[in-house]
Each structure stands twice: as structure tokens, then as C-alpha cells.
**Q** 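Sharing a structure here in C-alpha cells format.
The structure presented is a predicted model; accordingly, all values stated were derived computationally and were not measured. Order of appearance sets the numbers: ligands from 1, and atoms from 1 within every ligand.
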Amino acid sequence: MDKLVIEGGHRLHGEVRISGAKNAALPILCASLLTAEPLTLTNVPRLNDVRTMRALLSQMGVRQQSDEPDAVTLDASQIDWPLAPYELVKTMRASILALGPLLARCGEARVSLPGGCAIGLRPVDQHVKGLQAMGAEIDLTHGYINARAPRLRGASFVFDVVTVTGTENLMMAAVLADGVTTLDNAAREPEIVDLAACLGAMGAKISGAGSDRIVIEGVPHLRGTRYAIMPDRIETGTFLAAASATHGDVLVRGASIDALAAVVDKLREAGARIDVDGDAMRVRGNGELRAANVRTAPFPAFPTDMQAQFMALATRAAGASVITETIFENRMMHVQELKRLGADIEVEGNAAIVRGATRLTGANVMATDLRASACLVIAGLIADGETTIDRIYHLDRGYERIEEKLSALGASIRRVGST
Ligand code: UD1
């Protein structure tokens, strides 16, 4: 297993380009299942989760070709196996995104239940209930969701909880259903808007994506198209936090301020200077950082996927920052690791109180999930001495060449293979 070794204390400076969004790429790759014509995607990030999704689609019979870097053409003219097996689903929960499109296109689907997840229970009941409302017969046997619907029909569905992949799954199922589907209490994340735009380019009729009511008028067929995946707002936020925490000066290119306003506001509140010019953001962290309270919630509020990275920065801010996690039950595992580096953090229920400013000191730490890994990278960048981060396969799921991008910004960071 690879590790990252970071020598802390270097200010980040220079320019970095943001890759395509993981959480937009995964549903949009699954959208290829909805058409018999080729779908060409560009700005596809080179991440392990994307590789896993492509392997899953391959196994179903989707042919794929990459003629340009960062692009892939998917041809689902023939789907041999409408099946997502446990072996792949257990490594990536987003495999559940195949359920809606498979059912819509093939009339049947068999998708393994995701099983336990480190950051919380993460059930899929809303995906199942929504598809049932559209006429699907679903049973759960031998750890699999077995779904059948010769033809889905439009329905009105109100989500009990705001779910991102749940909204995406039902949206993809509804585009080929008979009649109109209305999804209420839908998630409003920018990745949902990106998926709707791709589906729209394929001929789907969707309105309201980005609001909590999405209306989809089913069509008999979708066509192929060429579509560029949006930039990754969480990667952007991670570089903004890393630059601020190291008192750096970094120009982040290919970003979207609209998708990241809550994070930019909090970083400014904490003392970072952020100037926006089109799709470029310059972040400067030259003054002293101040404590800021953060509460995660569905978009447009502060994203849970930035909570851990913000916590690393908060260790360097003067005063007490209260960081409250409201989306997942168990997303504070990075706290123990930050404490190993000398952070002063107390957890009470779903809130962490971070008292700063602390000088972190390098140590061996372990990555426990994707965003916790990014938190530890930022902590390593500001800690005195050497930090070694173990189990960075989590990081490779969601960040493209992070050590190369950080090295180019002046960080001392290297990947070492296990002995
Ligand atoms: C997506 C993102 C993930 C992000 C999360 C929250 C992708 C591939 N992943 O995950 O990076 O952290 O949104 O912004 O886009 N829930 C239920 N029943 C359901 C579905 C969800 O109770 O059927 C609950 C979950 O347990 C959780 C909350 O709803 O507490 C939000 O989860 P959800 O939005 O579904 O997260 P994901 O879509 O899995």
C-alpha cells in the first residue's frame, strides 16, 4: 500500500488546474446506459472511482474507447448483464447509480446493496422507494436489489431526506419513463445540474434541476452526444484550504465560484483573501487565520465533503472553531489523527470544537476515508517536520495526482510504495 510522506512548512505558491468533478463524472458515466448511441465525455478525471465505474460498465457490456486524454466514448448499444456485483459495489458505493438507468433501459436490474460504509449507515431506501413509486417491483434478496419494470411510469415522489445519488438515480430512471415525474425535496447540488445538462443534450426533458423540485417528462429514446464534465468543486475547495492554511498564494484555474460560495465565504471569514476572476480564483493566506464556525448541510450550504479539510485549517486559526456535521453520523474519524499531530480538538456529539492556533508536529497517521485523507494532507503541509500518511488508496479514489499538483505548488510531498 502506498504512503505519502510530507515535509511540512512550505508555503504553497503558483498555479493549479482543477480536474473534472468525480461526483458529476460518476452519474454521467452511468447515463451512457440510457442510450444505444455513443456518448463521448470530456474532462473526465483520472481517478480510481472513475476506473471502478468504467469497469462496472464494461462488465455490463458497455464498450469504451479513449482517443484523447481525459475523454472517453461509451457505447451501450448492447447491455449483456444489467448487473452490479458485490465485488465492485463494495469498493464504491456510487455503483448504486447504475440502478435507475439499467431499469429504465433494460426493464430489469440487479445491484448489490452497498453494505457498511466507514462514514455512516448511508442507506439506499429512498432510491428503492422512488423506483417503486414509478412502478418497479423490487425485492431485496441475497444482498442484492432485484428490480423489474417492463416500463417505468411517471410519478410524483417526495424524498424523506435530501439525497444526492438518490435524486440522480430517479432522474435517470424518469427520463425514459412513460409520462411526467415530479421529484420534490430533491438535492440541489451542482453535480445534479451537470447531470441534467448532459441528459438534456441527450434529448431528455428536465426542468428545475438545481431547485428542490425537478420535473422530468419521459421520452421514448435518448441519443448520443459529447459533453464536458464540470470542474470538481471539492478539489477546488481543498486547494483553497491548503493554500490558506500554508499562508500561500495560489491561482486556482478552471474553478466555479457559484458551486463553492459557502466554502469561499468561510475561508474569507477565517482570514483568507480570495479574489475571483471568471473561472480563476486567487487565494492568499498572508494574515493570521481566525476561528470560524462551520455547519455542514445540503447544497447551497457548506458541503460535508469539505468539513475535514476545513478542520485541518481551523487548527491553525486563532480561537475556537465549532465544526458541526449534520449529513453523516460518523464523519469525524480524522479528529483522532489530527490529535496525533498535536491538534486540540474536543468532539461533542456531531460537533468538533477546534482550539487554535496550534503548531502541529509531524507524525505517522492513517487515512480513514477520502476527505479525511485530504484533511491529513493539509495538516501534513502545515505541521513541523515529517508526516507519513498511510492508506492513501482512499485519496486516489477522489483526487487526481494530488501529490504532483501540490509539488508543483512548492510542497515537499512524495509517494512511497510499501516495503
Ligand atoms: C453524495 C456524494 C458524497 C457526499 C454526499 C453528501 C456522490 C457520488 N457522492 O453521496 O461525496 O458526501 O452526497 O453531499 O455524489 N440517505 C438515506 N436514504 C437514502 C439515501 C441517503 O437515509 O436512500 C441519507 C444518508 O444516510 C445520509 C444523507 O441521506 O445521511 C445524505 O446522503 P446522500 O446525499 O445520499 O449521499 P450520497 O449520494 O451517497
Side-chain angles (χ1 to χ4, degrees), residues 20-31 45 47-50 52-53 56 84 89 91-100 111 113-133 138 140 145 157-173 183 185-196 212 229-230 232-235 237-238 259-260 262-263 295-310 324-334 350 369-375 394-395 397-399:
K22 168 177 92 70
N23 286 355
L26 297 177
I28 291 175
L29 283 163
C30 286
L47 305 169
N48 281 352
D49 272 8
V50 165
T52 306
M53 187 60 90
L56 184 67
V89 179
T91 64
M92 189 185 62
R93 192 179 177 282
S95 314
I96 189 78
L97 284 165
L99 179 61
V111 175
L113 281 165
C117 175
I119 64 173
L121 290 171
R122 301 182 86 166
V124 291
D125 59 305
Q126 298 300 304
H127 303 238
V128 169
K129 279 187 195 166
L131 292 172
Q132 283 171 330
I138 298 185
L140 307 179
I145 303 170
F157 184 73
V158 185
F159 289 97
D160 294 337
V161 289
V162 178
T163 155
V164 177
T165 49
T167 302
E168 292 164 345
N169 231 339
L170 296 194
M171 211 162 79
M172 287 193 278
L183 302 176
N185 198 23
R188 293 182 282 165
E189 268 63 5
E191 292 77 14
I192 288 172
V193 179
D194 209 38
L195 170 64
D212 60 3
I229 309 281
M230 67 178 281
D232 197 307
R233 65 192 167 104
I234 304 302
E235 187 195 14
T238 302
L260 209 65
V263 172
R295 186 180 178 84
T296 67
F299 190 83
F302 194 93
T304 174
D305 286 351
M306 275 300 299
Q307 179 256 106
Q309 300 89 314
F310 195 86
T324 310
E325 172 59 50
T326 76
I327 306 285
F328 294 114
E329 313 87 46
N330 189 22
R331 207 172 201 183
M332 292 279 178
M333 285 173 296
H334 41 284
N350 64 344
D369 66 63
L370 169 55
R371 304 306 168 184
S373 318
C375 154
H394 291 291
L395 201 63
R397 285 186 41 212
Y399 288 90

**Q** Only one of R331, H334, R295 passes side chain to side chain donor-acceptor pair (under 3.5 Å) with Q307; say which it is.
**A** H334
**Q** For ligand 1, is there an N or O atom under 3.5 Å from any N or O atom of P123?
**A** yes
**Q** Would T52 and L56 count as a side chain to side chain contact (heavy atoms under 4.5 Å, CB included) here? Give the steps.
**A** CA-CA 6 Å; T52 306; L56 184 67; 5.7 Å; no
**Q** Can you measure from CZ (F302) to CG (L260) and round to the nearest 0.5 angstrom?
**A** 8.5 Å
**Q** In sequence, state the C-alpha distance, the side-chain angles, and the governing distance for R233 and N23, and then conclude on side chain to side chain contact (heavy atoms under 4.5 Å, CB included).
**A** CA-CA 9 Å; R233 65 192 167 104; N23 286 355; 5.9 Å; no
**Q** Considering only heavy atoms, does D305 approach ligand 1 within less than 4.0 Å through its side chain, its backbone, both, or neither?
**A** side chain
**Q** Does any N or O atom in G166 lie less than 3.5 angstrom from one in ligand 1, N or O only?
**A** no
**Q** Using distance alone, decide if ligand 1 has a nitrogen or oxygen within less than 3.5 Å of any nitrogen or oxygen in T165.
**A** yes
**Q** Please could you name the atoms of ligand 1 that Q126 approaches to less than 4.0 Å, counting only its heavy atoms?
**A** 18 (N), 19 (C), 23 (O)
**Q** Run the side chain to side chain contact (heavy atoms under 4.5 Å, CB included) test on H394 and Y399 for me, step by step, so that the C-alpha distance in whole Å, both residues' side-chain angles and the decisive distance to 0.1 Å come before the verdict.
**A** CA-CA 9 Å; H394 291 291; Y399 288 90; over 6 Å; no
**Q** Under 4.0 Å from a heavy atom of R331: give me the atoms of ligand 1 that qualify, with their elements.
**A** 12 (O)
**Q** In terms of atom number and element, which parts of ligand 1 are under 4.0 angstrom from non-hydrogen atoms of V124?
**A** 19 (C), 23 (O)
**Q** Any nitrogen or oxygen of T304 lying under 3.5 Å from a nitrogen or oxygen in ligand 1? Just yes or no.
**A** no
**Q** Please step through side chain to side chain contact (heavy atoms under 4.5 Å, CB included) for the pair V50 and M53, ending with a clear verdict.
**A** CA-CA 5 Å; V50 165; M53 187 60 90; 5.7 Å; no
**Q** Hey, is Q307 touching ligand 1 through its side chain, its backbone, both or neither, going by heavy atoms under 4.0 Å?
**A** neither
**Q** Please check if the side chain of D232 supplies one atom and the backbone of K22 the other of a donor-acceptor pair under 3.5 Å.
**A** yes
**Q** Geometry only, no angles: is I327 polar-contacting ligand 1 at N/O separations under 3.5 Å?
**A** yes
**Q** Compute the shortest N/O to N/O distance between E189 and ligand 1 and return yes if it is under 3.5 Å, no if not.
**A** no
**Q** Would you check the N or O atoms of E168, main chain and side chain alike, for any that come under 3.5 Å of an N or O of ligand 1?
**A** no
**Q** For ligand 1, is there an atom lying under 4.0 Å from some heavy atom of D49?
**A** no
**Q** Does some side-chain heavy atom of I96 sit less than 4.5 Å from a side-chain heavy atom of I145?
**A** yes
**Q** Quick one: does N350's side chain have a donor or acceptor within less than 3.5 Å of a partner on T326's backbone?
**A** no
**Q** Is a donor on one side and an acceptor on the other found under 3.5 Å between the side chain of T304 and the backbone of I327?
**A** no
**Q** Only heavy atoms of H127, strictly under 4.0 Å: list the atoms of ligand 1 that pass.
**A** 23 (O)
**Q** Tell me the contacting part of V161 for ligand 1: side chain, backbone, both, or neither, using a 4.0 Å heavy-atom threshold, strictly below.
**A** side chain
**Q** How does R93 reach ligand 1, by side chain, by backbone, by both or by neither, if only non-hydrogen atoms under 4.0 Å count?
**A** side chain
